[in-house]
Every structure is written in structure tokens, then in C-alpha cells.
Amino acid sequence: MPRLHRLFPFLNWPRPDAALLRSEALAGLTVGLMVIPQGVAYAALAGMPLVTGIYASMLPALIAVLFSSSVRLSVGPTALTCLLVSASLTGLAEPGSARWIELAVWLALLSGGLQVVLGFARFGWLLNLVNSPVLMAFTQGAAVLIIGSQLPAMLGFSDGWAALLTQPRLHWPTLAFGLGAAAVLMLARRWRPGFPSVLLLVVGTAGLSYWTGFQASGGALIGALPQGLPALYAPGWPGWETLRQLLLPTLVITLVSFLETASSAKVDSGDRGQRWDQNQDLIGQGLAKLSSALVGAFPTSSSFSRSALNLYAGARTGWATVFSVAVVLLTLLLLTPLLAYVPLAVLAAIVVVAVAGLIRPRAFLRLWRLSRVEAVTAALTFAITVLAAPQLYWGVLAGMLMALSHFLYLRLHPRIIEVGLHTDGSLRDRHLWKLPPLNDHTCALRMDAALDFATVNGFELAITQHLTQHPDTRHVMLFAHPINWIDATGVEAFGRLRTQLASQGIALHLVGLKLPVEALLRKAGELPEGELLRLYRTEAEALRSNWESA
């Protein structure tokens, strides 16, 4: 039975009563009214038919909430994932064409299938390959690109950025709709964040554009959207060469999409006081992408803003998402004609305002104060993301490589210090605090790392250098509390060190050796009893012995 509940998380949902259904219906209505215009706007960002944004807000959201452990996340179109779709397919097909739709569906199939496999294989730890500075910089770089792509439509540049300097042509009604919509959204987000301002703005601008004859004056509208449920979509075989070209974008979409999920899921699980099951969420998010492909839509992800709104509106279970899907379904069946008169400038304003909050220059300054290496890594990630557009996935890959290189450098250069006795009774860095040696003819070291293949060279070098500089050394005291792991290479290095010290008549003192490390060394026969090898459980015991032997 527990296994069944783990495979089908929705079996853990509480049985609804009238009070629960009322609160969940209100939260679902709030999110559903927001996701409809956002879904249409993000579909345009992905270069997909606008109605696919509504499709991606229904079945994927329902599948995700049924099979994920984080039941209060709003799954559907997101700006970052849609930008990655557009960037990945640029040059492979024409936006909005049948080939473009087919390739976007393949991205949903590949990334969704990969997430399901990773989830069942318990590979959620791969999330740790991208650290916070890299993700922050990549997100801000992507936000800049998203805003840059939407500003021409929002401000009425009829020919885009390319012709702005040579043949500038502004469509003033479009400019008015775009700037007015952006101003309304920003004010509403500041004063009434839980109010369905996006939907009211869409309805209001649709009526205004119809009344003023906006289309007749040259303005661009959404146009008629198909009504009714989507048909099942079966993409054609794209060919091995095309699949090869989609491989790298698939990996990046999978990674970035799940990082988007993580940012919301950690808030959700923390609010509920529960542990986040990242592997189950991988499965749920992967199944959501696969279901999105079935209706001819694009890869989906968890929206941080809509998930936050879901929590703000009082959602407690997955029933809120069920009501949200019902709202989207009713809109698709009955209300899509109302969207036909919405200016595209309003959709662009919705996207711009939604992602503008992702641009936070102060985050770079704060990071500079904390770690200059990570700040440089973040700055380069941002720059590469922007300059490599439309192949912006090179930004996150370059950031990952730089972060992992820094991590590897730190692992290969462990922190090894000579300790001295501070006046407060603690052992600290002798050279940093200008402390005297623990005792004459004694080398007292502490290595703050595991003793493995990555650290043995630094370990042996530190001791060898001290012995060379202090040939009168008679005792080497290793404070081993931080050494929580040792591998075969570390055992061999320890054996060489013990043999070298014994040949010179130098006693080796091991302080606070952890049980797993001690057990492996004993199994290898590297802890023989004798005057030249002594073990102590505590620092106090070692210090007493050290002073008594002086």
C-alpha cells in the first residue's frame, strides 16, 4: 500500500469537504484567470500557435498535480522555458509553421521522457550541478532577451529592432495599448497582487480595441482562436540529424525547467513542513511534458509567480489545480472569441511585466561581496547567455563548467593549516592568529577535507614541506576530526606517510579519527600499535599527552 501511494501521490490527497472545496475553488479560480492570458502570451514567445498556450495549461497541469509530490505548484507555460523553445528551434524551422510545431512537440517528448527516467532512477541529485549564482545569472540574461524580443511588439515598432534606426515607424495606438497595459499591470502587482488584473486587462483592452477600430488602423490582434478540445497530436519522425540538433536543447530545457520547479517546490514543502521529494517531482513534471506533447503543445514547467499566487490565494491541496484546469477548460470551450480582439501589444506587455522582476542587478553586487570568484562566474554566465543568443543554452553550460572547475580546484587544493592554542582554549590557524607552536619539535596540522585521490597530493606536500623547513621535528600531530572519508588512494598515501615518519623516528599522533576512516585504515593494516603511532579520541587528551611528553 505505501508503494502504491508513492507511485500515485494523488491517493494521499485529503477527502474534500465543503469548506475545503470552497477555499480550493477560490484559489483555482484566481490562478485559472491568470494562466489563460499568460499562456497565450507565452505561446507567442515560443513561436507557437497562441491556442497551444491554453492547451499547455490544462492536461499538463492536471497530470503534474496528480503525479508530483508538490501539489500546490502551477504547471504550464513559463517565460524561460518558452524562450528556450524558441531559441532551440531558431534556424530549424519557421516560427508557427507545421515543422516548428512538430519540433516543439519533440522537445516536449524528449525532455519529458528524460525527466521521467531520471525520476525513476532517483537522479534528482543532478539538480546540484547548477549552483545558485549560475542560475541567477542565466535567468537574468534570459529575462533581458525576453524583454528585448517583446519590446518591438509592445511599443509599436512595426519592423522590429532591425529597422528602428534606419526607418523608424511607430504605430501610436499600439504604443498606447502597450505602455498602458504595462502601467496597469505594474500598479496592480504593487497594490493588489492577488487581484485577477491580467484577465480584466485582457477583457478591457479587447473591448477598447473593438470600439476604437484598432485593427482597421493597422494594429495587430490575437485573432480568432480554435474552440473546443485539442485533438491528439502525433509528430512525424524528424530524422536522426534533427534529433542530434535537439539533444543539447533538450538537456538544457530539462535542467532549467526542473530548476524552475525546485524554486517553487522548496517554498511549498517548507510551508507544509515536509521534505521535498525531488525524484517524484521529476516524474510528475516529465509526465506533464509528455501530456503536453500529446495535445500538440510545447514543454511546460512550474511557474514561480503563479505558484506563489496559488499559495497566496489559500490553496492547501491539489484540488485547487483541478479547479484551475476547469476554469481554463470552460474558457477554451466558451470564451475564446473574446480573446480575438486583444492587441498583441497587450500580450507583449504581460510577458515584459512578468519577467521584469527577474532582473536584479543588486544580486551581482551582493554576490561580489560574498565571493568574487562566484561573482565573476555569474557575470560571465550572464554575458555569454546574452551574446550567444539565440543559442542561449551556452550560457548555462558555460556557467556550469566554470562552477564545476572552481569546485574541482577547491577539492584539489584542500585547506591544511598548522594549528596553535588560542587564549580562549580553541585550536586555530597558528599563522593567521600569530600563535606559538603547540610544542617544540611538533608539527600540528588540520586538514579540512576528505583524504582521497583529490587531496592526497596536498596532504603529503604540506607535511613534507614542514619537515623540510623544520628538520628537528619529532612529532607530527594530525587533528583528523574534519576527515570524514578516505578512499584507497588516501589509504596508500597514509601508509607512505606513516612509513616515512617511522623511518625518521618521528611519532605520528592521530586525534579524533572518525570510525569509518579508522575502520578502513585498520583493515589495511595501517594502524599498528607502537610508540611511533598514537591515537587520541579528543583534543584535550592529545594536548595533555603532548605537554607531558615535552
Side-chain angles (χ1 to χ4, degrees), residues 30-45 50 53 74 77-80 82-83 139-140 142-161 164 168-223 303-306 308-309 312-313 331 335 338-363:
T30 303
V31 175
L33 294 178
M34 180 180 185
V35 73
I36 296 165
Q38 271 198 352
V40 174
Y42 291 157
L45 179 62
L50 301 184
S74 177
T78 64
L80 190 53
C82 288
L83 178 64
T139 301
Q140 295 205 46
V144 169
L145 294 174
I146 291 172
I147 292 175
S149 70
Q150 297 300 301
L151 280 180
M154 174 180 157
L155 301 180
F157 303 157
S158 55
D159 298 317
W161 291 110
L164 180 60
R169 290 189 300 170
L170 284 176
H171 187 251
W172 295 105
T174 298
L175 179 65
F177 269 111
L179 291 180
V184 169
L185 289 173
M186 286 188 291
L187 289 173
R189 186 169 65 176
R190 180 174 180 180
W191 298 109
R192 294 291 299 275
F195 193 70
S197 54
V198 178
L199 183 69
L200 293 180
L201 174 69
V202 167
V203 174
T205 53
L208 187 60
S209 71
Y210 178 79
W211 179 64
T212 59
F214 177 69
Q215 186 176 26
S217 68
L221 300 177
I222 287 180
S303 167
F304 186 82
S305 60
R306 293 197 302 269
L309 179 61
Y312 178 82
T331 301
L335 302 179
L338 296 178
L339 299 176
Y341 293 96
V342 177
L344 291 181
V346 174
L347 293 186
I350 292 172
V351 176
V352 168
V353 173
V355 302
L358 299 176
I359 300 179
R360 296 175 289 112
R362 290 184 179 179

J.: From L155 CG over to F177 CZ, what is the distance, rounded to the nearest 0.5 angstrom?
T.: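 If I round to the nearest 0.5 Å, the distance is 14.5 Å.
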J.: Between Q140 and P361, what is the shortest heavy-atom contact and its length?
T.: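 That closest heavy-atom pairing would be OE1-N, 3.9 Å.
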J.: Distance check, rounded to the nearest 0.5 Å: L201 atom CG versus L185 atom CG?
T.: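 Here the interatomic distance stands at 5.0 Å.
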J.: Considering only heavy atoms from C-beta outward, does the side chain of I222 approach that of L347 to under 4.5 Å?
T.: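 Answer yes - side chains close enough.
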J.: Looking at F214 and L221, what are the two nearest heavy atoms and their distance?
T.: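 Distance-wise, the nearest heavy atoms are CD2-CD2, 3.5 Å.
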J.: Using every non-hydrogen atom in the two residues, find where I36 and T331 come nearest and quote the distance to one decimal.
T.: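 It is CD1-OG1, 3.0 Å.
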J.: Can you tell me how far the CD1 atom of I350 sits from the CD atom of Q150, to the nearest 0.5 Å?
T.: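 With rounding to 0.5 Å, CD1 (I350) is 10.5 Å from CD (Q150).
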J.: Run I147 and I359 through side chain to side chain contact (heavy atoms under 4.5 Å, CB included) and show every step you take.
T.: CA-CA 10 Å; I147 292 175; I359 300 179; 3.6 Å; yes
J.: For L358 versus T139, what's the shortest heavy-atom pair and its separation?
T.: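 Closest heavy-atom pair between L358 and T139: CD1-CG2, 3.9 Å.
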J.: For the atom pair CG (L33) and CG (L200), what is the distance rounded to the nearest 0.5 Å?
T.: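 L33 atom CG to L200 atom CG measures 8.0 Å (nearest 0.5 Å).
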J.: Which heavy-atom pair separates V202 from T205 by the least distance, and what is that distance?
T.: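 Scanning both residues completely, I find the closest heavy atoms to be O-OG1, 3.1 Å.
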J.: Between S74 and M34, is any pair of side-chain heavy atoms under 4.5 Å apart?
T.: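 They are not in side-chain contact.
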J.: Grab the two heavy atoms, one from T174 and one from G156, that are nearest each other, plus how far apart they are.
T.: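 The answer is CG2-CA, 3.6 Å.
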J.: How far apart are the C-alpha atoms of L179 and M154, what are their side-chain angles, what is the distance that settles it, and do they pass the side chain to side chain contact (heavy atoms under 4.5 Å, CB included) test?
T.: CA-CA 7 Å; L179 291 180; M154 174 180 157; 4.2 Å; yes
J.: Do R306 and P77 have side-chain heavy atoms sitting under 4.5 Å apart?
T.: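 Touching, per the 4.5 Å side-chain cut-off.
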J.: Between R189 (side chain) and V353 (backbone), is there a donor-acceptor pair under 3.5 Å?
T.: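 Flag set: sc R189 to bb V353 pair under 3.5 Å.
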